[in-house]
Amino acid sequence: MIGSGIVTALTAVAIICPFAYAINSQAYTWDNVKIGGGGGFVPGIIFNPTEKGLAYARTDIGGAYRLNSDDSWAPLLDFVDNARWNYWGVDALATDPITPSRLYLVCTPENGTIERLAVDPNDNAILFFGARSGHGLWKSTNFGVSWTQVTSFPSPGTYIPDPTDTTGYNNDIVGIAWVTFDESSGTSGTATPRIFVGVANAGSANIFVTNNGGTSWSTVAGQNTTYLPHKGVIAPSEQALYVSYSDGAGPVRYLMA
């Protein structure tokens, strides 16, 4: 990661401040994990926040997988044939925190380490999706059956990895990078009012917040506009939003945080 981390206070008016914590030295052993699928990148591992042991991995060309109780991985897209080759790339994956058996996938040849699809943890009929190519932010209120563009959202993204590229891989707008709900701002059964959204903008505002479920948005004050915000994760016990940054979108459009 390039650039310093930030913490955003979860208040009505978000405040960003630098942080530094002492970290105890620990020993780790890292090994390869066999998931039984295709090669390439594994840009995202997503854990269900309410069901212990439920996790998914998404890949750039090998489909998606669910973690089994014996630590093996079950392929979810083995039915895909050559005629539907674009299903092999999973651009986003969201696991339902209220009904863990429900899973959402966004399949496209383009994907990265961003998490642009999210389920409302207080009302799981609601989903938000951040599109590529300048198409902005979208919302569903019926479990993803239909979608409506959030026209109040201020920025569809401006960053293009390589405007001169002629291959079609790096000359498109990366778009919205992530959507993060602040579950603590709402109550079970009603829409979460506070939502943070990160956008692939360089040199301008790139993190926005709503306190009314998406009706209106404001820029998070004091944010880093030099780098691209790749991920935004809330730590509930700390009432803080952690954001990771990079200075580019990575090779072949992969946002490497």
Side-chain angles (χ1 to χ4, degrees), residues 1-8 14 16 41-46 58-60 89-95 104-120 127-139 147 149-150 152-163 169-182 194-210 214 217-235 240-257:
M1 181 188 73
I2 300 175
S4 59
I6 62 171
V7 173
T8 303
I16 293 181
F41 292 101
V42 181
I45 300 174
I46 298 91
R58 61 182 182 87
T59 72
D60 64 336
V90 182
D91 192 29
L93 184 153
T95 173
Y104 300 90
L105 301 176
V106 177
C107 296
T108 170
E110 308 157 308
N111 65 84
T113 60
I114 50 185
E115 300 303 338
R116 59 176 81 236
L117 179 67
V119 181
D120 190 324
L127 292 88
F128 277 81
F129 172 67
R132 293 179 178 271
S133 307
H135 294 303
L137 184 66
W138 294 75
K139 178 182 180 180
W147 296 83
Q149 187 169 10
V150 183
S152 62
F153 192 73
S155 176
T158 59
Y159 180 77
I160 300 174
D162 183 2
Y169 287 110
N170 288 298
N171 60 356
D172 192 17
I173 295 173
V174 172
I176 293 173
W178 47 268
V179 178
T180 299
F181 290 91
D182 174 16
R194 183 178 297 121
I195 309 166
F196 293 90
V197 175
V199 182
N201 287 336
S204 61
N206 52 41
I207 302 178
F208 302 89
V209 61
T210 178
W217 300 81
S218 59
T219 301
V220 172
Q223 64 184 266
N224 185 322
T225 60
T226 302
Y227 303 107
L228 305 179
H230 280 193
K231 288 184 183 291
V233 178
I234 287 179
L241 172 71
Y242 286 88
V243 179
S244 63
Y245 288 88
S246 180
D247 62 350
V252 195
R253 279 198 183 160
Y254 299 115
L255 287 180
M256 307 305 290

Strictly distance-based, threshold 3.5 Å: is any side-chain N or O of [X] a donor or acceptor partner for the main-chain N or O of [Y]?
X: Asn201; Y: Ser204; value: no
X: Asp172; Y: Pro161; value: no
X: Gln149; Y: His135; value: yes

Ignoring hydrogens, what is the shortest heavy-atom contact between [X] and [Y]? Give both atom names and the distance.
X: Leu105; Y: Val90; value: CD2-CG1, 4.1 Å
X: Thr59; Y: Val42; value: CG2-CG2, 4.1 Å
X: Tyr159; Y: Ala202; value: CD1-CB, 4.2 Å
X: Pro229; Y: Trp178; value: O-NE1, 3.2 Å
X: His230; Y: Ser246; value: CE1-CB, 3.2 Å
X: Gly134; Y: Pro156; value: O-CB, 3.5 Å

Is the shortest side-chain heavy-atom distance between [X] and [Y] below 4.5 Å?
X: Val106; Y: Arg116; result: no
X: Ile46; Y: Glu115; result: yes
X: Arg132; Y: Ile173; result: no
X: Val179; Y: Ile195; result: yes
X: Tyr104; Y: Val119; result: yes
X: Val220; Y: Leu241; result: no

Got a second to check how far [X]'s [atom1] is from [Y]'s [atom2], nearest 0.5 Å?
X: Ile207; Y: Thr219; atom1: CD1; atom2: OG1; result: 10.0 Å
X: Tyr245; Y: Gln223; atom1: OH; atom2: CD; result: 6.0 Å
X: Ile160; Y: Asn170; atom1: CD1; atom2: CG; result: 10.5 Å
X: Ser155; Y: Ile176; atom1: OG; atom2: CD1; result: 7.5 Å

- Task: Report the residue from Phe153, Trp147, Phe181 that forms a side-chain contact (heavy atoms from CB on, under 4.5 Å) with Phe128.
- Result: Phe181
- Item | Counterpart residues, side chain to side chain contact (heavy atoms under 4.5 Å, CB included), relative to Ser152 (two or more places apart) | Val150, Trp217
- Query: For Phe129, what residues pass the ring-ring contact (aromatic ring centres under 6.0 Å, His included) criterion, not counting sequence neighbours?
  - Reply: none
- Can you name the side-chain hydrogen bond (donor to acceptor under 3.5 Å, both in side chains) partners of Asp120, sequence neighbours left out? Thr192
- Query: Any Lys/Arg nitrogen of Arg58 or Asp91 sitting under 4.0 Å from an Asp/Glu carboxylate oxygen of the other?
  - Reply: no
